[in-house]
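This chain uses plain numbering: 1 for the first residue, then up along the sequence.
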Amino acid sequence: MTGTRKAAAMPEAAEAAETAENTTVVIIGAGVAGMTVGNFLLRSGVDCVVVEKRDRAYVERRQRAGVVDTRGVRMFREWGMEHVVKDSSSPAKITGGTFIDGVRYDIAFGDDESEAVFCPQQVLVRNLTTAFLEAGGDLRYEALDVAPEDLDSERPTVRYRAADGSAKAITCDYVAGCDGFHGVSRACVPAGRLTVHSHEFAYSWLSVLAEATCAPYGMAIHDHGLAARFPRGADASRLYLQVPGDATPEDWPDDRVWTEVSTRFGAEAPAGPIVDKRIVPLRSVVFDPMRYGRLFLLGDAAHIVPPMSAKGIHLALYDTEVFVRALLAQVKEGDGSLLDAYSDTCLRHVWNYQAYAVWLTDLMHNAGDASYGGAFRKQIARAELRRLNESPSAIRLFNDLNAGLL
C-alpha cells in the first residue's frame, strides 16, 4: 500500500504557507464510523487520512452507546477484526429482564442465537484506533477549522489548521463525513441540497453514568415512566429515566435518581457515586440524500435514531460497509454503480430501522406513564408486550430486527 503523497518541503521564506498533500479518501471524524472506514480502507490497500478536531483522550472517553448487535459482530469478523468488539469488563452476552410494575419477566434482548455484545462506544473507538495506528494508518488529532471544499468537483480539498498552527490542504478523490450530527461535513452542503425528516418525542431521558454495579439489569416499565440500567464495565452502569421533555439535570439530585430507579424496578438499586448526568432528547432525524458530490455522509452525520432502539452504532456500521465496498468497486474495478447507489441503498435500511426505533420507543414508553399517550395507548402497548412474550412469529420478527439482520 502506498502512503499519503506529500508535497515537497516549502522554502524557509514561505513557512507560513499552506502544505499541500494528496490521498484517495479524507475521513472527517475519528468516532465509530470514521475509524471503521479507516481500518477497512487500510486493510484494502486504499490511501486515507483521518482528521479529528478533538484530541485522542477526549475521543476515547466520550460516553455513548454500548451495544454492537449481531450484524455488527459478524461484519467485523468477516473483515478479520472481531477483536475490536471485545471488552473483558462487560458481559459477553446481552440478557436481562423486563420489569413491569415491579414484576420481573424474562423477556430477553435477542434470542439464543444472538451474537450481540455490550461494548461501550469508547472501548470500540479505542480498539479501532489502536488497530488503525498499529497498521500504519494516518490519524491527525486536533485538526482545527476543518473546511471541505470543491465537493462537487472530481478532486475535493479538505483544509484545516494543525495544532501547531500550520495550514494543511489535502486533495482527495472522496470525502467521508463521519463527524456526527453537529459536524462540519453536512454543514458544508449548500442550502437546499438536503431534505431533513424529523420526529421529536414528547419526553426525554435522564442519562446517568454511575460507579455502581449493574446486576440485575434490563428495562423497567412503571406508571412513573420507563427506566433502564446497563453495564458500562465491571463496576459502572448507565442508567436511564424517562422524564418530561423540559426536564433539566438540576431537577434530579442524586438521591432522587436512586429512589426513582428503585421505585420503577420494584427493587433496591445498587447505588454509587454519579459521575455524569445529562438530559438526552429523544428524536429521529434523517437527511436525504446522504451524499453531495464527492462527499458521503455516514452515521450520525446522516441520521439519528432514539437510543431506545440501540441502533445508532448499527446504522453507522451499515453505512461504513456499504460505503467501503462501493468505493473499492470504483477504485479497484472502475465500477461506480455502487457509489452512485450509496444513498438509496443506505436510506432503505435507515428507514427500516427508523420504523423499528419509533415503534419500540413508543411501545416501551406508552406502556408505562399514560400522561403522554393516554390510557388507551397504554393498554395497546401492554397488549403488544404480551404478544412479544407469547407469539413465536412476533418474537422471531423482533429478534431479527434486534439483531440487525433485516
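Open room surrounds CZ on R377; 12 or fewer heavy atoms of other groups in view lie less than 6.0 Å from it. At most 12 non-hydrogen atoms from other residues, nucleotides or ligands lie less than 6.0 angstrom from CD of E154. Atom CZ of R256 sits in a crowded spot, with more than 12 heavy atoms from other residues, nucleotides or ligands closer than 6.0 Å.
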What verdict does the side-chain contact (heavy atoms from CB on, under 4.5 Å) test give for Y353 and L315, after you've listed the backbone C-alpha separation in whole Å, the side-chain angles of each residue and the deciding distance to 0.1 Å? CA-CA 8 Å; Y353 276 89; L315 289 179; 4.0 Å; yes

Should W351 and Y356 be marked as a side-chain contact (heavy atoms from CB on, under 4.5 Å) after you check the CA-CA gap, both sets of side-chain angles, and the distance that decides it? CA-CA 9 Å; W351 281 116; Y356 167 73; over 6 Å; no

Given salt bridge (charged side-chain N to carboxylate O under 4.0 Å, His left out), test E78 with R74 step by step and report yes or no. CA-CA 6 Å; E78 290 172 3; R74 292 176 181 175; over 6 Å; no

Test salt bridge (charged side-chain N to carboxylate O under 4.0 Å, His left out) applied to D276 and R238, step by step: CA-CA 9 Å; D276 183 72; R238 175 67 72 177; 3.7 Å; yes

Can L139 and Y141 be said to form a side-chain contact (heavy atoms from CB on, under 4.5 Å), step by step? CA-CA 7 Å; L139 172 51; Y141 290 106; 3.2 Å; yes

Apply side-chain contact (heavy atoms from CB on, under 4.5 Å) to L363 and L388, showing your working. CA-CA 11 Å; L363 172 68; L388 278 177; 4.0 Å; yes

Tell me, with the steps shown, if E115 and R71 meet salt bridge (charged side-chain N to carboxylate O under 4.0 Å, His left out). CA-CA 8 Å; E115 298 184 62; R71 184 194 179 280; over 6 Å; no

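For W79, the ring pair (Phe, Tyr, Trp, His ring centres under 6.0 Å) test picks out F40, with sequence neighbours left out. Residues satisfying the side-chain hydrogen bond (donor to acceptor under 3.5 Å, both in side chains) criterion with R161, sequence neighbours excluded, are D145. By the side-chain hydrogen bond (donor to acceptor under 3.5 Å, both in side chains) test, E142 pairs with no residue at all, sequence neighbours left out. With sequence neighbours excluded, the residues forming a ring pair (Phe, Tyr, Trp, His ring centres under 6.0 Å) with H224 are H222, listed by chain and number. With sequence neighbours left out, the side-chain hydrogen bond (donor to acceptor under 3.5 Å, both in side chains) criterion links T171 to T157. Judged as a side-chain hydrogen bond (donor to acceptor under 3.5 Å, both in side chains), and not counting sequence neighbours, the contacts of D254 are K277.
Between L297 atom CG and R186 atom CZ the span is 7.5 Å, to the nearest 0.5 Å. The SG atom of C188 lies 6.5 Å from the CD1 atom of I28; values are rounded to the nearest 0.5 Å. In this structure, CD1 on I100 lies 5.0 Å from CD1 on I221, to the nearest 0.5 angstrom. Annotation: the span from N366 atom CG to E384 atom CD amounts to 9.0 Å, rounded to 0.5 Å.
Under the salt bridge (charged side-chain N to carboxylate O under 4.0 Å, His left out) rule, E149 has a single partner from R159, R155, R294, which is R159. Results of the ring-ring contact (aromatic ring centres under 6.0 Å, His included) test with Y342 over Y292, Y318, Y174, F296 single out F296 as the only residue that passes.
A salt bridge links K378 with D223: the distance from a Lys NZ or Arg NE/NH1/NH2 to an Asp or Glu carboxylate oxygen falls below 4.0 Å. For the pair D101 and R382, the salt-bridge criterion is met [side-chain N within less than 4.0 Å of a carboxylate O].
Using cut-offs of 30° and 60° for the angle between ring planes, the F118 and F230 rings count as tilted. Between Y203 and F201, the ring planes are tilted. Angles from 30° to 60° get that label.
The two residues A135 and L42 make their nearest non-hydrogen contact at CB-CD2, 3.4 Å. Closest of all the heavy-atom pairs between A30 and V125 is O-CG1, 3.7 Å. Shortest non-hydrogen contact noted between A33 and T320 is O-CG2, 3.5 Å. Of all the heavy atoms in L338 and A329, the pair that sits closest is CD1-CB, 4.0 Å. Taking both residues in full, the closest heavy atoms of E82 and V73 are given as OE2-CG1, 4.0 Å, listed atom of the first, atom of the second, then distance. A pairwise comparison of heavy atoms in K53 and L144 identifies O-CD2, 4.0 Å as the closest pair.
Residues T259 and R264 have side chains not in contact (no heavy-atom distance under 4.5 Å, counting atoms from C-beta outward). H365 places none of its side-chain heavy atoms less than 4.5 Å from the side chain of P306.
No side-chain donor from either of E260 and W252 sits under 3.5 Å from a side-chain acceptor of the other. Counted by atom type alone, D47 and T23 present zero donor-acceptor pairs between their side chains at under 3.5 Å. Between T248 and D251, the side chains place a donor N or O and an acceptor N or O closer than 3.5 Å (distance only, hydrogens not considered).
Taking the ring centre of Y160 as origin, the terminal cationic atom of R140 falls outside the region bounded by 6.0 Å and 45° from the ring axis. With a 6.0 Å cutoff to the six-membered ring centre and a 45° limit on the axis angle, R387 does not count as a cation-pi contact of F398.
Aromatic pair H303/H197: centroids not less than 6.0 angstrom apart.
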